[in-house]
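Below is one structure, written out as structure tokens, with a few remarks after it.
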Amino acid sequence: MKKLLSVIVCAVLAFGVAISAQAKTIQVSALEDFNTGNPPAELHVQMNANTRLDYDLMLFQGYQVTGKVVPQQGGFEFTPTSYVNFQEEQVPIAKAYPAFFKGPSVLIRQDQPFLLIFPENGPDTFQYYVPSSDDINK
């Protein structure tokens, strides 16, 4: 009985930790060389995964994102300011979505992947509408 109770308590704690960790860790690739200890004021990266920043903004894998960089203790803050979509149109990003790089000061080469942490902007509780064949034929 004690083992069953301890398993239930551990499961509840693990679930609580999973819910409280509200951040998206996204892999991006550098489009130019830079040092994480002394980053440039503006940085260009390519998204390596689809990332939904909020209901209205989805950065797809392959998008090239430009952002301003603010150095911080043990890393830097990256705030996307625009992206280039698949039609090669540069689209500005009006709202601020700061992401963070935390880690040792290292040289990141062009096309080398690294991780950015986007704080969760709220749960993805919205639902997508997927049209059926009946909707298309109307």
Side-chain angles (χ1 to χ4, degrees):
M1 185 66 177
K2 284 185 177 180
K3 288 183 181 180
L4 178 62
L5 183 60
S6 65
V7 168
I8 291 172
V9 169
C10 288
V12 169
L13 288 175
F15 182 73
V17 169
I19 287 180
S20 67
Q22 295 186 351
K24 298 176 187 174
T25 302
I26 305 301
Q27 186 183 61
V28 297
S29 293
L31 294 178
E32 68 261 343
D33 296 351
F34 72 96
N35 188 321
T36 60
N38 186 19
E42 184 176 75
L43 187 61
H44 306 279
V45 298
Q46 182 169 341
M47 302 301 293
N48 291 348
N50 295 343
T51 305
R52 178 167 296 284
L53 298 180
D54 69 10
Y55 181 77
D56 296 322
L57 182 59
M58 177 84 157
L59 297 176
F60 291 97
Q61 180 178 355
Y63 276 13
Q64 295 180 356
V65 179
T66 300
K68 64 180 180 176
V69 175
V70 177
Q72 293 184 337
Q73 184 70 12
F76 61 86
E77 177 183 309
F78 173 80
T79 304
T81 56
S82 66
Y83 64 91
V84 177
N85 62 18
F86 296 127
Q87 291 78 28
E88 297 185 9
E89 302 167 326
Q90 185 161 4
V91 181
I93 299 174
K95 191 175 172 186
Y97 302 98
F100 301 94
F101 171 84
K102 298 288 183 192
S105 178
V106 295
L107 178 64
I108 295 186
R109 298 284 184 187
Q110 183 176 356
D111 296 327
Q112 179 180 347
F114 64 98
L115 298 176
L116 289 175
I117 301 168
F118 284 91
E120 187 67 54
N121 295 318
D124 292 338
T125 56
F126 52 88
Q127 296 180 359
Y128 294 99
Y129 174 71
V130 179
S132 67
S133 60
D134 293 337
D135 293 331
I136 295 171
N137 294 328
K138 286 184 180 180

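Any value given below was found using the heavy atoms of this structure, including those in side chains, with hydrogens, waters and symmetry copies removed.
Nearest heavy-atom pair, Pro40 versus Val69, reported as atom, atom and distance to 0.1 Å: O-CB, 3.2 Å. Of all the heavy atoms in Val28 and Asn48, the pair that sits closest is C-ND2, 3.5 Å. Nearest heavy atoms, Phe100 versus Pro119: CE1-CG, 3.8 Å. The two residues Ser82 and Pro92 come nearest to each other via the heavy atoms CB-CA, 4.0 Å. Minimum interatomic distance between Met58 and Asn50 (heavy atoms only, all atoms of both residues): CE-CB, 3.6 Å. Nearest heavy-atom pair across Pro113 and Gln27 is CB-NE2, 3.4 Å.
The CD1 atom of Ile117 sits 13.5 Å away from atom NZ of Lys24, with the distance rounded to the nearest 0.5 Å. Atoms CG and CD, from Asn85 and Gln90 in turn, are 10.0 Å apart once rounded to the nearest 0.5 Å. Atom CG of Asp56 and atom NZ of Lys95 lie 8.5 Å apart (nearest 0.5 Å).
Note on Leu116 and Val70: separate hydrophobic clusters, where clusters join Ile, Leu, Val, Met, Phe, Trp and Tyr whose side-chain heavy atoms are under 4.5 Å apart, directly or indirectly. Each of Ile108 and Leu31 belongs to its own hydrophobic cluster when Ile, Leu, Val, Met, Phe, Trp and Tyr are linked at side-chain heavy-atom distances under 4.5 angstrom. Phe60 and Tyr97 fall within a single hydrophobic cluster, where Ile, Leu, Val, Met, Phe, Trp and Tyr are joined by side-chain heavy atoms under 4.5 Å apart, directly or via other members. Hydrophobic clustering of Ile, Leu, Val, Met, Phe, Trp and Tyr side chains at less than 4.5 Å, counting indirect connections, keeps Leu59 apart from Val84. In the hydrophobic clustering of ILVMFWY residues, with side-chain heavy atoms under 4.5 Å counting as a link, Leu53 and Phe101 come out together.
Judged by distance alone, the side chain of Thr36 and the main-chain N or O of Phe76 form no donor-acceptor pair under 3.5 Å. Using modelled atom types, one side-chain atom of Thr81 and one backbone atom of Thr66 make a donor-acceptor pair closer than 3.5 Å.
Taking the six-membered ring for Trp and the full ring otherwise, the centers of Phe78 and Phe114 sit at least 6.0 Å from each other. In this structure, Phe86 has its ring center under 6.0 Å from that of Tyr63.
In this structure, Gln73 places its CD atom where only 12 or fewer heavy-atom neighbours from other residues, nucleotides or ligands lie under 6.0 Å away.
When each of Glu32, Gln64, Gln110 is paired with His44, the side-chain contact (heavy atoms from CB on, under 4.5 Å) condition holds for Glu32 and for no other.
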